[in-house]
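Report on the structure given below.
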Protein chains: 2
Amino acid sequence: MEDMEALPVRFPSRQHNHSSCVNKLLGDAEEECRRQKLRFTEHRRKVLEIIASSHKPLGAYDILEQMNFSGRRQAPVVAYRALDFLINLGLVHRLNSLNAFVACMAVGEDHTAQFLICRQCKNVGELNSNRVSERIEKDAVEAGFQVDQQLVEIIGICYECAESG
Amino acid sequence: MEDMEALPVRFPSRQHNHSSCVNKLLGDAEEECRRQKLRFTEHRRKVLEIIASSHKPLGAYDILEQMNFSGRRQAPVVAYRALDFLINLGLVHRLNSLNAFVACMAVGEDHTAQFLICRQCKNVGELNSNRVSERIEKDAVEAGFQVDQQLVEIIGICYECAESG
DNA sequence: ACTTTTAATGTAATATCGTAACAGTTTAAC
DNA sequence: GTTAAACTGTTACGATATTACATTAAAAGT
Ligand SMILES: [Zn+2]
Ligand SMILES: [Zn+2]
Ligand SMILES: [Zn+2]
Ligand SMILES: [Zn+2]
């Protein structure tokens, strides 16, 4: 039965309408900030926009480079502060294997993020399989380990890259 | 059926005989180098000994600090070269969430390393559950993703730390 | 409205992690 | 012994991330 659940997979296809990704994310951000009475400041919005601009992960310094509005070069800490905020809000994820950041594709869905990282096109999707997270939880508990946090990153080749040789 | 397989869990208990961990690892290293006609040089042995000295992960610069035999401070690259060698041989693993390194607890067992990281005692074990790796593989494939490499790090509290409050 | 408190920003410096490049040396192979 | 491959020494640098502290802006309390 539980094996029949549909997976909530999201891997960005080549011709998906990406502007709707961006719009949804910014909308969710605004709504969530309103709800939690948090401030969606310029820096935070800008960093989110930069990250959301594609499904390829960006390093903190890549983001920083794109923050040169007003011609001034920002200090690294400016990017990191905004990133911390966005990560805590669940709008952005950190990829530990890449030291890089991506926008969440499943905001508001209460998921254990599991990443699909295509090493050819560099796009990143989210597998977010409950079957996987539950299997990890069960086996860890069986081993006498109490799980607080799971980190799952899957490196390989996405469907479209596999097709195009 | 397959759910009845015993897990090959290894989490270092407080009173395990750790010198046998070290001896086994060094023995395996020597044997593997002999078999593959690779050179188990001083640096490589020393780095392996340092990493194997406990089940707590060490950063590259921590390792470096302990390489001051002959009083001379080694350059970072010395540690990284030895680490690369040991990782390729499967004797050492890198923990991406910690930028740190641990000795493998399952040398020669052809495993997808899955780490149990206790955030209290800092010890690291290996879950290495085939059920987990197969679940990941299946769900990723179902999502149209071809898996080359899995990265699973589980952060939480180990059995002994949970017991002692 | 003014004061108090909290949150966010500006700025500089520094810590931590990792790699490139290249000359010199040792070891293994021929 | 000569050659080729692997390893080492050394320097410099690149990339990632945090600490500390002064300043400003916003929210909350009166
Ligand atoms: Zn998109
Ligand atoms: Zn997500
Ligand atoms: Zn041990
Ligand atoms: Zn291992």
Side-chain angles (χ1 to χ4, degrees), chain A residues 29-30 32-48 50-51 56-89 91-102 122 151 153, chain B residues 29-30 32-48 50-51 56-89 91-102 122 151 153:
Chain A
E30 280 172 9
E32 198 54 21
C33 286
R34 215 177 309 120
R35 222 179 48 73
Q36 293 193 42
K37 290 183 192 277
L38 297 171
R39 282 150 68 188
F40 195 45
T41 62
E42 277 302 301
H43 285 337
R44 291 167 180 175
R45 167 182 290 275
K46 186 68 186 171
V47 168
L48 187 57
I50 291 166
I51 292 176
K56 301 187 206 305
L58 291 176
Y61 283 74
D62 298 329
I63 292 164
L64 208 55
E65 243 173 39
Q66 297 185 47
M67 289 183 76
N68 294 347
F69 40 43
S70 74
R72 313 205 46 254
R73 170 151 200 88
Q74 304 288 343
V77 71
V78 172
Y80 284 106
R81 289 203 275 230
L83 286 167
D84 284 348
F85 177 87
L86 296 167
I87 289 168
N88 284 330
L89 230 62
L91 298 164
V92 166
H93 296 298
R94 182 174 201 284
L95 299 170
N96 285 274
S97 61
L98 299 175
N99 294 335
F101 305 85
V102 279
K122 310 296 181 194
L151 197 153
E153 299 181 17
Chain B
E30 279 171 10
E32 199 54 22
C33 287
R34 214 177 310 119
R35 221 179 48 72
Q36 293 193 42
K37 291 185 192 277
L38 298 171
R39 281 148 69 187
F40 195 44
T41 63
E42 277 300 302
H43 285 336
R44 292 166 179 176
R45 166 182 291 275
K46 186 68 187 170
V47 168
L48 187 58
I50 291 166
I51 292 175
K56 301 186 206 304
L58 291 176
Y61 283 72
D62 297 329
I63 292 164
L64 207 54
E65 242 173 41
Q66 297 185 47
M67 290 183 76
N68 294 347
F69 40 45
S70 72
R72 313 204 49 253
R73 169 151 201 91
Q74 304 285 346
V77 71
V78 172
Y80 284 105
R81 289 202 275 231
L83 286 166
D84 284 348
F85 177 87
L86 296 168
I87 288 169
N88 285 329
L89 230 61
L91 297 165
V92 166
H93 296 299
R94 180 174 202 284
L95 297 170
N96 285 275
S97 61
L98 299 174
N99 295 334
F101 304 85
V102 279
K122 309 297 181 194
L151 196 153
E153 299 182 17

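Here is the naming used below: chain letters follow the sequence lines, and residue numbers restart at 1 for every chain.
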[atom1] of [X] versus [atom2] of [N]: gap in Å, rounded?
X: L38(A); N: dA26(D); atom1: CG; atom2: P; answer: 16 Å
X: I63(B); N: dT16(C); atom1: CD1; atom2: C1'; answer: 14 Å
X: N88(A); N: dA7(C); atom1: CG; atom2: P; answer: 14 Å
X: F85(B); N: dC7(D); atom1: CZ; atom2: P; answer: 7 Å
X: F40(B); N: dA6(D); atom1: CZ; atom2: C1'; answer: 17 Å
X: L98(A); N: dC17(C); atom1: CG; atom2: C1'; answer: 16 Å
X: H43(A); N: dT9(C); atom1: NE2; atom2: P; answer: 5 Å
X: Q74(B); N: dT11(D); atom1: CD; atom2: C1'; answer: 14 Å

5′-ward residue of the pair K37(B)/A100(B) relative to DNA chain C: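 Closest to the 5' end, via its nearest nucleotide, is A100(B).
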Nearest-nucleotide comparison on DNA chain C, the residue closer to the 5′ end among G59(B) and R44(A):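 Its nearest nucleotide being more 5', the pick is R44(A).
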From C-beta outward on [X], which listed nucleotide comes closest to its side chain: [options]?
X: R81(B); options: dA21(C), dT19(D), dG10(C); result: dA21(C)
X: N99(A); options: dT16(D), dT10(D), dA8(C); result: dT16(D)
X: Y80(B); options: dT9(C), dC17(C), dT11(C); result: dC17(C)
X: Y61(A); options: dT11(C), dT16(D), dT10(D); result: dT16(D)
X: R39(B); options: dT18(D), dA28(C), dA7(C); result: dA28(C)

On DNA chain D, compare the nucleotides closest to P76(A) and A75(B); which residue's is nearer the 5' end?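 The residue mapped nearer the 5' terminus is A75(B).
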Are the charged groups of E42(A) and R45(A) less than 4.0 angstrom apart, N to O?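 Salt bridge flag = no for R45(A) with E42(A).
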Any salt bridge linking E65(B) with R73(B)? Criterion: basic side-chain nitrogen under 4.0 Å from a carboxylate oxygen.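 Between R73(B) and E65(B) there is no salt bridge, as every charged N stays at least 4.0 Å from the carboxylate O atoms.
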Rounded distance [0.5 Å steps], CD1 in I87(B) versus CZ in F101(B):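 Rounded to the nearest 0.5 Å, the CD1-CZ separation comes to 5.0 Å.
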Roughly how far, to the nearest 0.5 Å, is CZ of F85(A) from CZ of R39(A)?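 Output value for this atom pair is 10.0 Å.
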Main chain of N96(B), side chain of E153(B): is a donor-acceptor contact present, judged purely on distance under 3.5 Å?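 Yes: the side chain of E153(B) pairs with the backbone of N96(B).
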Which part of the nucleic acid, if any, lies within contact of R73(B), taking any heavy atom under 4.0 Å across all strands shown: a base, the sugar-phosphate backbone alone, or nothing?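 Touches nothing.
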